[in-house]
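Computed from heavy atoms alone, side chains included, the values below leave out hydrogens, waters and symmetry copies. Each ligand, and each atom within it, is numbered from 1 in the order the structure gives.
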Amino acid sequence: MNIPEKMVAVHLEKPGGPLTFRTISVPAPKDGEVLVKMSAAPVNPSDLQRINSVSGEQEVSSFVPGIEGSGTVIAAGKGLLPRLWMGKRVACSSVHPDSGTWAEYMVTSASFCFPIPKTISDEQGSMLLVNPMTALAFFDIIYHEKHRAVINTAAAGALGNMIRILGKKHNIPVINVVKNDQQSRNLIKDGAEYVLNNSDSDFTDKLRILSKELSATLALDPVSGSYTQLLLEALPYGATVIIYGNLSGTGEGTTLRPLLLENKKLHGFYLANWMRDNGMLKTIRNLNKVRQLLKNDLRITVQNRFPLEKAQLAVDTYLGNMTAGKVLLVPGQMN
Ligand SMILES: NC(=O)c1ccc[n+]([C@@H]2O[C@H](COP(=O)([O-])OP(=O)(O)OC[C@H]3O[C@@H](n4cnc5c(N)ncnc54)[C@H](OP(=O)(O)O)[C@@H]3O)[C@@H](O)[C@H]2O)c1
């Protein structure tokens with residue numbers, strides 16, 4: 001395949017945005033790396049956190065956003081794995097701040113690429129790593145720590161939906177917490193058994209009663225801030241809250257009382273650390289499970305697609321209604 005010298009990549013104009021685009025050199029893979037011609041990449045909350053954390057003139061000027069995506073390996077650096085992936089369609093994740101998935105081409109480590117079978121589309125494959133792998137990691141934790149039921153906050157989002165679906169598959173009752181009546185109705189329509197709306201005045205009481213009744217001793221919390229405090233107080237004795245995101249944007253406000261007096265536990269979760277701590281074999285095993293699940297159970301809704309040149313509009317569309325589904329950046333997409 002002919003590799004062009006130049007490509008379009010999403011560009012951060014200044015710290016915090018806006019996102020525009022520019023033409024830059026196509027990067028070359030070093031030893032152990034591959035060059036991926038990108039097919040699609042989602043806008044995830046972790047991308048927005050990453051974009052907001054980039055500062056300093058040098059860092060901003062070279063930064064190319066995008067953590068996960070899919071594409072085809074078209075060039076390989078030295079090494080067995082890069083050679084093995086040559087010509088393959090892969091789900092991939094970025095490792096260099098100046099080479100993200102929101103570009104026509106990305107250089108990344110071959111060990112951050114995973115072949116996708118024909119049965120999985122480029123679009124679904126572009127979202128294979130972050131959310132499905134996290135959902136599976138949570139069920140590993142649920143089994144390992146012997147939790148009988150789980151509380152799933154931000155349940156109407158992509159990952160929240162996966163946790164609900166896997167709960168059903170594994171016979172683990174899931175208490176789904178949503179923000180409003182519309183989300184609540186949608187989840188019930190989709191077959192959710194336990195749905196609580198956190199804008200109801202009696203929400204905390206309902207949560208306390210239901211988590212006791214079902215012995216829900218684990219809460220998965222991507223909202224954090226005062227929400228975490230509320231969960232810690234409502235859960236049964238000895239329960240655990242895992243914080244894995246900061247959708248509230250506040251991220252503070254937990255007091256020590258439930259931790260000290262009620263033997264409750266507060267943990268953090270970050271997928272990259274979990275994958276590192278659990279080793280390559282477990283990661284490969286979970287990836288195989290994800291491939292199976294994506295074929296049927298875990299299909300992720302896509303609400304819209306934008307070309308790289310419209311990255312800011314893509315982000316604004318996503319933030320306007322996260323629950324409506326993922327927004328994808330697709331090189332060459334007409335929009
Ligand atoms: N730690 C890790 O390794 C890891 C891995 C994967 C994902 N995550 C985290 O998981 C979270 C969910 O990701 P996703 O891809 O599923 O996102 P998503 O599909 O965009 O869904 C986000 C959901 O959260 C809701 N939401 C937004 N702000 C909220 C708030 N302040 N309080 C309650 N609900 C709120 C949204 O509702 P509206 O549409 O009404 O706003 C939407 O239903 C993110 O925080 C992400 O960073 C972490």
- Query: So, Asn176 side chain and Tyr194 main chain: donor-acceptor pair closer than 3.5 Å or not?
  - Reply: yes
- Task: Kindly say whether Ala91 contributes a backbone atom to a donor-acceptor pair with the side chain of Ser70 at under 3.5 angstrom?
- Result: no
- Message: Please confirm whether the ring centroid of His170 lies under 6.0 Å from the ring centroid of Tyr143.
- Response: yes
Hydrogens and angles aside, do [X] and [Y] bring a side-chain donor and acceptor to less than 3.5 Å of each other?
| X | Y | value |
| --- | --- | --- |
| Thr228 | Asp221 | yes |
| Gln49 | Asn246 | no |
| Asn288 | Arg285 | no |
| Gln183 | Thr323 | yes |
| His147 | Thr217 | yes |

- How far apart are the C-alpha atoms of Asn197 and Ser199, what are their side-chain angles, what is the distance that settles it, and do they pass the side-chain hydrogen bond (donor to acceptor under 3.5 Å, both in side chains) test? CA-CA 5 Å; Asn197 178 349; Ser199 58; 2.7 Å; yes
Proximity winner for [atom], if only heavy atoms of [options] are counted:
| atom | options | result |
| --- | --- | --- |
| atom 42 (C) of ligand 1 | Thr323, Val223, Leu48 | Thr323 |
| atom 14 (P) of ligand 1 | Lys326, Glu68, Met322 | Lys326 |
| atom 47 (O) of ligand 1 | Gly249, Pro45, Gly157 | Pro45 |

- Query: Which of these, Lys326, Arg89, Arg305, Arg299, sits in a salt bridge (Lys or Arg N to Asp or Glu O under 4.0 Å) with Glu123?
  - Reply: Arg305
Taking non-hydrogen atoms only, is [X] closer than 4.0 angstrom to ligand 1 via side chain, backbone, both or neither?
| X | value |
| --- | --- |
| Leu247 | both |
| Asn131 | side chain |
| Thr134 | side chain |

Among protein heavy atoms, which lies nearest [atom], and at what distance?
| atom | answer |
| --- | --- |
| atom 10 (O) of ligand 1 | Tyr244 CE1, 3.2 Å |
| atom 11 (C) of ligand 1 | Pro222 CB, 3.6 Å |
| atom 40 (O) of ligand 1 | Gln183 NE2, 3.0 Å |
| atom 1 (N) of ligand 1 | Phe269 O, 2.9 Å |
| atom 19 (O) of ligand 1 | Ala158 N, 2.8 Å |

- Note on the structure: Residue pairs meeting ring-ring contact (aromatic ring centres under 6.0 Å, His included), one or both in residues 82-119, sequence neighbours left out, come to none
Can you list the ligand 1 atoms lying under 4.0 Å from a non-hydrogen atom of [X]?
| X | result |
| --- | --- |
| Ser248 | 31 (N) |
| Val130 | 5 (C), 6 (C) |
| Tyr270 | 1 (N), 3 (O) |
| Ala154 | 24 (O) |

Kindly confirm or rule out an N or O of [X] lying under 3.5 angstrom from an N or O of ligand 1.
| X | value |
| --- | --- |
| Leu159 | yes |
| Leu271 | yes |
| Lys179 | yes |

- Item | Criterion side-chain contact (heavy atoms from CB on, under 4.5 Å) against Leu35, the qualifying member of Thr72, Val107, Val73, Thr108 | Val107
- Item | ligand 1 contact by Tyr318, heavy-atom criterion under 4.0 angstrom | yes
- Query: Does ligand 1 have any atom that is closer than 4.0 Å to a heavy atom of Met162?
  - Reply: no
